[in-house]
Amino acid sequence: MKIAILISGRGSNMVSILDAHRQNKFESNIEIEVIISNKTNAEGIIHAKQMGYPVEIIPHINYNSREDHEREIIKLLEDRNIQLIVLAGYMRILSKYFVSNYQNKILNIHPSLLPSFPGLHAQRQAFEYGVKYTGVTVHFVNEEVDQGIIIMQEVLEIYPAETIEQLTLRMLEVEHHIYPKAIDLICSGKYSINGRILQRND
Ligand code: GAR
């Protein structure tokens, strides 16, 4: 399975995926073909290069429209025969045009138990709402923001005296562990989808 990882910033989820790949932790046959960043100064670019993975920078600010930028990304994905797109802190909404080209072939990780707290600053949304449990969701990307089919979730308790920064750090650890597992599941093909329900077949 040929994978592209899209980033915009720090890239810690990307690093956890690259680590799993380098340490042969994936059971499926996975090739990480390219890391794509829409930001020239994304910290993740440095990490990906240090780890020996090819990086392409396609800054959205160089394009007149979202469509023009996405067309450039799609061209790259097609040139490299990418079969699965992994969003890892990619902070741009993908257009319907992009998503329809890659139905159930784009994965995203979101720092809440969807469908609660979609969109930006999900940890803060949960924290300020006062929920006692939150979590992490890996899902397919569809036309609506953070509403695609759920692949995996993990729950985190919000401790009474905890700060938002501590919660965010603990959540990130969970993200780093769940995302490679979810990618492995999708690449293995050992699942079926019925309506919104994804069921594991292993
Ligand atoms: C992660 O916490 C990820 O869940 C979140 O951005 C962070 C990226 O960190 N994504 C979203 O909020 C998407 N809506 P990273 O660049 O270190 O992987």
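Both ligands and their constituent atoms are indexed starting at 1 by order of listing.
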(request) Distance to 0.1 Å, residue and atom name: give those for the protein heavy atom nearest to atom 14 (N) of ligand 1. (result) H110 ND1, 3.3 Å

(message) Using a 3.5 Å cut-off on N or O atoms only, is E175 in polar contact with ligand 1?
(response) yes

(request) Provide, to 0.1 Å, the distance between atom 16 (O) of ligand 1 and the closest protein heavy atom, together with that atom's residue and name. (result) G11 N, 2.8 Å

(message) Counting non-hydrogen protein atoms only, what is the nearest one to atom 10 (N) of ligand 1? Give residue, atom name and distance.
(response) I109 O, 3.7 Å

(request) Measure from NZ or CZ of R170 to the centre of the six-membered ring of Y159, then state whether that distance is under 6.0 Å and the direction lies within 45° of the axis. (result) yes

(request) Out of A42, S16, S12, indicate the one that has the non-hydrogen atom closest to atom 15 (P) of ligand 1. (result) S12

(request) Give the single entry among G89, S8, P111 that approaches atom 8 (C) of ligand 1 most closely by any heavy atom. (result) G89

(request) Give the other cluster members for I61, using side-chain heavy-atom distances under 4.5 Å between Ile, Leu, Val, Met, Phe, Trp and Tyr residues; answer none if it is isolated. (result) none

(message) Please give me the minimum heavy-atom distance between Y53 and I35, naming the atom from each residue.
(response) CB-CG1, 4.2 Å

(message) Checking a contact table here: which protein heavy atom is nearest atom 7 (C) of ligand 1, and how many Å away?
(response) R10 NH2, 4.2 Å

(request) Give every residue pair that meets the side-chain hydrogen bond (donor to acceptor under 3.5 Å, both in side chains) criterion with at least one member in residues 5-14, sequence neighbours excluded. (result) S8-N38, S12-H176, N13-E175

(message) Testing the basics here: between L107 and I151, what is the closest heavy-atom pair and its distance to 0.1 Å?
(response) CG-CD1, 3.9 Å

(message) If I take atom CG from residue N108 and atom CD1 from residue I85, how far apart are they, to the nearest 0.5 angstrom?
(response) 12.0 Å

